Amino acid sequence: MRHFARYSYILTSYAIGILIFTLFRLLNTLVYCSGAETWPDFEGEYVGALVMGWRFDTVISCYLLSLPLLLMIVGDVARIRVKPYYLTAHILLVTVYLVAFFACAVDIPFFSYFFSRLNAVSVNEVDSFGLIVDMIVSDPVYLLGLLAYVAFAVGYVFLMRWVYRRVLRNNLDGHLPTAWGIVVALVLIFGTFVGMRGRLSKKSPIRVDTAYFCGNAFLNQLGLNPVFTFVKSAAEMNKISNQPITLTDADEARRIYEAERALPVDSSRVPAGLDLPLPEGTNVVLVIMESMTVDKTGLFHPEQSLSPNLDSLMRGGLVFTQCYSAGIHTYNGIYSTLYSHPAILARHTLKHTFIPYMCGLSHQLQAAGYSTAYMMTHDEDYDNMRGFLHANAFDSVIGQHSFPSSEVVGTWGVPDHKLFDHVIEHCNAVAQQGPFFTTVMTCSDHTPYSLPDGIDFRPTQKEMPQRMSEYADWAIGRFMRQAAQQPWFSHTLFVFIADHGAARQSIYDIALAYHHVPMLFYFPGHIAPQRCDRLALQLDLFPTLMGMLPYDYQNHTFGLDLLRQERQYAYFSSDDKICVLDTAWLYICQVAENNEHLYHWCDTLPGDQLKLHPEQAADMRRYAFGIIQHSYHMLESRTTGCPQSL
């Protein structure tokens, strides 16, 4: 094996590095379990956390080993036998690993205190060296981290010294034949690149949310490598789009939020024909429809409708005709629909290095004894969905990898009608165990399109975008007909809303059709057919729905109960723009440039009215900026108001 000495050294170094990372992970487990009131029951999922940890440790190890590997490849191909050359590579390798192990040691007290893996915020304490020394001396957990680092570092240095001498230094005269050396080098380079990505999926490399594989919060975080989380959080903090948001004064923002929280709750406003509260144990199926703008439906233009099935449902339930999505991305729609916080400009509200604990439908219904599931067509890790949802009260997150590969037809996984087939199967299974809350995210009506064949769908439109909208609607109709045959249908509330709308021609700075979406509550026998033209937001769905059910709930969000409260303004983000509207006015501000416009949109007049009505624009700006600013402060301070005991 003398010919493979250089590569054996790299592979052995990788194995030893994984071992030390795992020892720190085990120590972190011991500290966590020792601090718990009762020894935690991991229900057989601890091994899964260790396997996840190996994946993240491999990512970091591939980065740490990349330069030493390159030096070994050059040394083998160029027939270098000079010992100082390899000693330099060895010292480099050991040094970078010692830095990584130091991060693991620091992570032990950090995790113990914050229940969060090491992140870039920790550097804020570097200036307080005296405080750090005091914590190490006075707190056993800090001292344990320091002692663990010293012990593991010393052991690592001596072990690697032995490996260097035995495996590498004593075998420098061995070389692979040139052709074989190139082949082995290419294989190792490719393997290192794959290892850096952490996963084979072409959509995205491994992310923090990938570690969230079960319902146990500790195990979900245990698999993370603190070097990975530190680097990711540092990169997140340095992105321009993630610079601190300062739309308005924090105290002013809080006052605006609290004023809206204090809006009177008037039960006399509840529309007639609603049999409230709904029966205890009412199931809830929430369908978030991809790109279903009001303009595709027959709400206002029946002759141009692409959604006859949804139109039929809207004629049979309570439909809010003036509902607006929080943003223009799917992640905005998921975040705001489920957790009732606004979109924050262009920020990806599902991507957080440390996932915030949010209040919303899943928490409240889970607390009421419901099973909770989120089902989608595509990769569960897309847009960080799995990690965020697992961390926020969804028992299961089901996507493409749970379905037969034969059903996958395109980029977005299984088509909508197949997803709905699996929804029926899931609901049939969980209905036997008690009430359920199932969220369904469709995706077929999103480019790139993949219209499935072999089905009885017959489009009427010629263009593919319109055909896909028709198909998505057909899948909904087919789903509801199947659901009507199930025993749980008669005690299930169906809710339909879109993640966002779709682009249409607009005379304003934004396409209102991208935000104007239907919101429908469908429960024959309990909710009489009717339209409600009150201003509504996607984020109002949570308190409105909970206001229909017979359970006490706490609303710590930005949503209002639309049955008992009235909005003065609707507001939303369109990436770099904040928009506000009421029944007459539309205010748009491009925040970075502070470029403002005001339109009298109820008359569809394109002329800017800002100079004529500056007080109206100022009031709308103050409201929306304050609300969005306060949401930002709640997330940054991790004080979303949702008690962990829910």
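Note that the structure is predicted; figures quoted are calculated from it, not measured.
Remark: His516 pairs with Phe300, Tyr324 by the ring-ring contact (aromatic ring centres under 6.0 Å, His included) rule, at least two apart or across chains. Contacts of Val194 classified as side-chain contact (heavy atoms from CB on, under 4.5 Å), with partners at least two apart in sequence or in another chain: Phe190, Leu200.
Side-chain atoms of Asp57 and Ser61 include no donor-acceptor pair closer than 3.5 Å. Residues Glu407 and His422 have side chains that bring a donor and an acceptor to within less than 3.5 angstrom of each other. Between the side chains of Asp576 and Gln590, a donor-acceptor pair is found at a separation under 3.5 Å. In summary, the side chains of Asp395 and Thr372 do present a donor paired with an acceptor at a separation below 3.5 Å, with no hydrogens or angles considered. His363 and Tyr339 form no side-chain donor-acceptor contact under 3.5 Å, judged by distance and modelled atom types alone. Under the 3.5 Å distance criterion, with hydrogens and angles disregarded, a donor-acceptor pair is assigned to the side chains of His341 and Ser631. At a cut-off of 3.5 Å, with distance as the only test, a side-chain donor of Tyr14 or Thr58 sits close to an acceptor on the other residue. Between Gln400 and Thr377, the side chains place no donor N or O within less than 3.5 Å of an acceptor N or O (distance only, hydrogens not considered).
By the 4.5 Å heavy-atom criterion applied to side chains, Ile628 and Ile578 are counted as neighbours. For the pair Leu419/Phe403, a side-chain contact is recorded, criterion being any heavy-atom separation below 4.5 Å from C-beta on.
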Trace of the side chain to side chain donor-acceptor pair (under 3.5 Å) decision for Asp383 with His329 = CA-CA 10 Å; Asp383 264 348; His329 304 287; over 6 Å; no
Go through the steps to decide whether Asn428 and Trp488 satisfy the test side chain to side chain donor-acceptor pair (under 3.5 Å), and finish with yes or no.
-> CA-CA 8 Å; Asn428 285 339; Trp488 44 264; 2.7 Å; yes
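A salt bridge links Arg117 with Asp107: the closest approach of a Lys/Arg side-chain nitrogen to an acidic carboxylate oxygen falls below 4.0 angstrom.
Sorted by first and then second residue, the side chain to side chain donor-acceptor pair (under 3.5 Å) pairs with a member in residues 430-443 form an empty list; sequence neighbours excluded. Within the structure, the salt bridge (Lys or Arg N to Asp or Glu O under 4.0 Å) test picks out no pair touching residues 460-469 (sequence neighbours left out). Applying the salt bridge (Lys or Arg N to Asp or Glu O under 4.0 Å) test to residues at least two apart or on different chains, the pairs with a partner in residues 436-453 are Lys296-Asp445. Residue pairs meeting the salt bridge (Lys or Arg N to Asp or Glu O under 4.0 Å) criterion with at least one partner in residues 420-430, sequence neighbours excluded, are Asp421-Arg478.
Applying the 6.0 Å contact sphere to CH2 of Trp54 captures no more than 12 heavy atoms from other residues, nucleotides or ligands.
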